[in-house]
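These values consider heavy atoms only, across backbone and side chains, with no hydrogens, waters or symmetry-generated copies. In each ligand, atom 1 is the first atom listed, and ligand 1 is the first ligand listed.
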Amino acid sequence: MGYDLHHGNAFQVLEEEYDENSIHAVVTDPPYGVVEFETANVEKMREGKGGVWRIPPELDGNKRKPLPRFTVLSDSDKEKLRNFFKTFGEAVERVLRPGGHMFVATTQLLMHEVSKQLDEAGLERRDVLVRKTKTLRGGDRPKGAHERYDMVSSMPRVYWEPWLLYRKPLDGRLQDTLDTWQTGGLRRESEERPFTDLLEDGKTPKAETEIVKNAHPDPDDAEAHPNLKPQYLMRELCHAALPLQKGVILDPFMGSGSTIAAVHALEYNAIGIELDDTFFNMAENAIPNLAEVDTPVETRGDFAQQGDDSASLTDFS
Ligand SMILES: C[S@@+](CC[C@H](N)C(=O)[O-])C[C@H]1O[C@@H](n2cnc3c(N)ncnc32)[C@H](O)[C@@H]1O
């Protein structure tokens, strides 16, 4: 078991380094609207002003972290997004083994655009998982007329995060695909309970945010990744992603490395890719410490039986 980290553009790395049908599952939190992680917008986020990143209003005197605003995307931004997810869908369709699953975090406002590109790349839509989590999106009163319309909000306050679940078509029946490729199904939580599409996990714990903050290469500028995902959630998804507890999980947009840490904690193999220098350095530093965090997932009975037959990354190359 182990992990390989690549600093570069995911599409180029996958094309140059990974063979067709070589990866068992993809678990990723991509740039939802694409433009928010373009260099100019990342710089604006780091400076705390302008671009698609907005600071939500202070609540109870608490300073809020910046959030990207997807309601401001222009037609050309949306076209860029479609092209990005088209290339992404095609790249994943090539490297995934038949029956391999992909979990993709998204947003209510853009998931239809992402989904269409993944459908067209030949992947099968299987579900939309609901991760219960209170966000700071939505629920605002009419701008400039808060008092006049004090009982009106522009859209619902968002209390859940969608995760698209896709699969590369099977090679024969499910049992054939499991035999040949070790993919096709989802691992159950236990013999009694299947993996479900309602994920109760809430906010990212402060201790995990602190780990990532401390992993920042410049201590004077230390901020956690704005989209850090909790270990409990990522381990739940990574556990479900490998039905036979064997294989490699890819996160092509790893940010500060929460997926890779989750895979490592479960003693599976992982591949992580990140384009941004600072986030890549943060991932390298944060993964070993995030992997040390305890969650209920790794205490499940099926880990006790896993024993010493866990494979190494090179077994799948
Ligand atoms: C939503 S964030 C992932 C955050 C991650 N879940 C975490 O816990 O830190 C998406 C990441 O994708 C990266 N990214 C954007 N385009 C990329 C590309 N073409 N190749 C690799 N990484 C890319 C961004 O720099 C950003 O860090």
Side-chain angles (χ1 to χ4, degrees), residues 4-18 26-46 51-53 65-68 70 77 80-81 83-92 95 103-107 110-111 114 131 133 135 161-164 201 203-205 208-216 223-235 237-238 249-265 270-287 289-291 293:
D4 279 347
L5 304 184
H6 300 269
H7 180 198
N9 183 329
F11 307 131
Q12 199 179 339
V13 172
L14 289 177
E15 181 62 36
E16 289 172 4
E17 308 264 341
Y18 292 97
V26 175
V27 178
T28 195
D29 169 28
Y32 294 177
V34 179
V35 289
E36 74 274 21
F37 281 105
E38 288 180 340
T39 310
N41 273 317
V42 171
E43 275 166 14
K44 285 180 184 162
M45 173 195 71
R46 289 186 175 132
V52 294
W53 294 88
K65 290 198 214 91
L67 281 178
F70 298 116
D77 291 337
K80 216 181 270 177
L81 177 143
N83 288 333
F84 182 95
F85 282 101
K86 179 175 191 294
T87 313
F88 171 61
E90 290 167 357
V92 167
V95 295
F103 297 74
V104 187
T106 181
T107 158
L110 299 172
M111 72 169 146
V114 174
R131 172 195 172 204
T133 181
T135 75
E161 175 180 80
W163 280 74
L164 292 166
D201 184 67
K203 278 171 67 173
T204 304
E208 294 174 31
T209 312
E210 283 301 309
I211 290 175
V212 175
K213 217 167 155 178
N214 292 332
H216 197 289
E223 277 297 342
H225 193 291
N227 308 115
L228 176 66
K229 297 288 182 204
Q231 283 299 295
Y232 188 6
L233 168 75
M234 299 320 293
R235 292 190 201 174
L237 301 180
C238 293
I249 298 181
L250 163 73
D251 184 349
F253 310 111
M254 72 170 169
S256 52
S258 57
T259 310
I260 310 305
V263 180
H264 193 51
I271 298 162
I273 312 174
E274 172 57 49
L275 187 58
D276 180 88
D277 294 359
T278 306
F279 295 148
F280 182 81
N281 284 328
M282 282 159 79
E284 283 189 306
N285 298 335
I287 290 168
N289 295 329
L290 284 175
V293 168

At a 4.0 Å threshold, what atoms of ligand 1 neighbour a non-hydrogen atom of [X]?
X    : result
P252 : 21 (C), 22 (N)
G8   : 20 (N), 21 (C)
M254 : 5 (C), 7 (C), 9 (O)

Test of understanding: given a 4.0 Å heavy-atom threshold, classify the contact between [X] and ligand 1 as side chain, backbone, both, or neither.
X    : result
A105 : neither
K229 : both
F253 : both

Consider side-chain contact (heavy atoms from CB on, under 4.5 Å). Of L250, T87, N9, which one does L14 pass it with?
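By the side-chain contact (heavy atoms from CB on, under 4.5 Å) criterion, L14 pairs with just one of L250, T87, N9: L250.
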Contact check: L275 vs ligand 1, nitrogen or oxygen atoms, below 3.5 angstrom
yes
Nearest protein heavy atom to [atom], by residue and atom, and its distance?
atom                    : result
atom 11 (C) of ligand 1 : E274 OE1, 3.6 Å
atom 19 (N) of ligand 1 : N9 OD1, 3.3 Å
atom 9 (O) of ligand 1  : S256 OG, 2.6 Å

For the residue pair F253 and F88, does the interplanar ring angle fall in the parallel (under 30°), tilted (30 to 60°) or perpendicular (over 60°) class?
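Ring orientation, 0 to 90° scale: tilted.
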Which class fits the ring pair F279 and H225: parallel under 30°, tilted 30 to 60°, perpendicular over 60°?
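F279 and H225: tilted rings.
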